[in-house]
Amino acid sequence: MKLKDEKITKAIIERYAKKFVDNLNQDVIIAGAGPAGLTTAYHLAKEGFKVSVFERKLSIGGGMWGGGMMFNEIVVGDDGKKMLDEFGINTEKYDDGYYTADSVEAISTICSKTVKAGVKVFNCISVEDVMVDKNGVCGVAINWSSVEIANLHVDPLSVRSKFVVEATGHPLEVLHILEKKIDGGLFTKTGKIMGEKSMNAEIGERTVVENTKEIFNNVYVVGMAANAAFGTNRMGPIFGGMLLSGKKLADILIDKLGKDNLDSKNIEGMIKVE
Ligand code: 48F
């Protein structure tokens with residue numbers, strides 16, 4: 001059979017366009033495809049919810065590939081091990097309460113299981129803003145990462161969702177945008193981003209799960225972004241907290257989506273919608 005180059009092009013464009021158009025109105029949109037965002041997405045998709053993940057980079061998986069300082073092993077505690085077991089990832093006991101896993105096996109398995117669970121992953125796309133209505137955030141504005149990197153003046157497109165998840169890790173990109181554009185009012189002690197504190201694995205692993213919650217109407221923080229938002233410590237290359245945070249958020253959102261959600265708080269005046 002003779003291969004036609006233009007047919008290959010047409011197949012790619014048509015299939016991508018269909019995937020995009022079929023996913024313009026989601027239950028949950030996740031900004032950032034690190035271990036926390038992917039774990040959230042995986043558990044939501046397993047329950048049948050429509051989930052998209054937008055990731056700036058070509059490859060998904062965030063900061064898990066490199067283990068600690070590019071030694072490609074990760075550490076998890078007892079609860080984290082259970083999360084890796086659920087994904088079918090091999091672990092090896094190092095000491096009581098310490099397990100290691102090959103970081104490449106761990107994150108490639110999470111990526112694969114997430115996509116196979118039905119999550120639509122759009123790589124090479126950055127979330128550059130949120131979309132708002134009188135009830136709060138109702139989606140995101142997105143653009144090609146290449147547009148962003150080249151600093152081109154090109155308007156974004158928007159995608160709607162019931163909930164938006166801030167999973168961009170240390171830089172908290174979505175929340176910084178939100179903080180700038182609303183008149184205060186994040187659900188933190190100060191109403192503002194509190195900022196990440198220095199390394200402490202013991203505290204960071206505990207608080208990352210505690211801090212996984214709603215931070216603005218219809219916006220939830222997960223993973224490292226949760227600690228950076230609520231002002232607690234980073235934890236370094238121990239990754240159980242990321243997965244437990246993702247699972248906790250999926251459970252919260254499954255509950256909300258199951259209840260037909262949107263018991264929105266009164267935030268009129270905070271968001272400017274003409
Ligand atoms: O940084 P990242 O892995 O976040 P995480 O899932 O996990 C944190 C750990 O990797 C580690 C740690 C704990 O052990 O401290 O750092 O919380 O993944 C975040 C992803 O978000 C992407 C970024 O490229 C990365 O893959 N990202 C960041 N900003 C944007 C974005 C954006 N504006 N739009 C789309 N993707």
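This one's a predicted model, so the numbers in the text were calculated from it and none came from an experiment.
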Between the side chain of [X] and the main-chain N/O of [Y], is any donor-acceptor distance below 3.5 Å?
| X | Y | answer |
| --- | --- | --- |
| Ser161 | Phe163 | yes |
| Asn211 | Thr207 | yes |
| Asn233 | Ser198 | yes |
| Glu166 | Val174 | yes |
| Thr188 | Gly191 | yes |
| Glu173 | Ile177 | no |
| Ser103 | Asn72 | yes |
| Thr232 | Ala228 | no |
| Gln26 | Val28 | no |
| Asp95 | Tyr98 | no |

Test item: [X] and [Y] side chains (from C-beta on) under 4.5 Å apart, heavy atoms:
| X | Y | answer |
| --- | --- | --- |
| Ile142 | Val159 | yes |
| Met235 | Met199 | no |
| Ile252 | Tyr220 | yes |
| Thr109 | Glu105 | yes |
| Asn135 | Asn217 | no |
| Lys120 | Val51 | no |
| Val119 | Leu44 | no |

Check: Taking everything shown except Glu210 itself, do over 12 heavy atoms lie less than 6.0 Å from its CD?
Finding: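 Counting other residues, nucleotides and ligands, CD of Glu210 exceeds 12 neighbours.
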Next item on the list: Measure across Ala33 and Leu38 and return the closest heavy-atom pair with its distance rounded to 0.1 Å.
Entry: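 Looks like O-CD1, 3.5 Å.
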Note to self: Between the side chains of Lys81 and Asp85, is the shortest nitrogen-to-carboxylate-oxygen separation below 4.0 Å, so that they form an ion pair?
What the structure shows: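 Here Asp85 pairs with Lys81 in a salt bridge, since their nearest N and O are under 4.0 Å apart.
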Item checked: Salt bridge Lys162-Asp27, side-chain N to carboxylate O under 4.0 Å ->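 Asp27 and Lys162: salt-bridged.
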Checklist line | Worked verdict on Arg56 versus Ile125 for side chain to side chain contact (heavy atoms under 4.5 Å, CB included) | finding: CA-CA 5 Å; Arg56 168 180 291 134; Ile125 293 183; over 6 Å; no
Item checked: Check: Tyr94 ring centroid to Tyr99 ring centroid under 6.0 Å ->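 Between Tyr94 and Tyr99, the centre distance exceeds or equals 6.0 Å.
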Next item on the list: Could I get the full list of side chain to side chain contact (heavy atoms under 4.5 Å, CB included) partners for Asn25, not counting sequence neighbours?
Entry: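 With sequence neighbours excluded, Asn25 shows a side chain to side chain contact (heavy atoms under 4.5 Å, CB included) to Arg160, given in chain and number order.
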Item checked: Residue pairs involving residues 34-83 (criterion ring pair (Phe, Tyr, Trp, His ring centres under 6.0 Å); sequence neighbours excluded) ->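 Qualifying pairs: Tyr42-Phe87, Phe54-Phe122.
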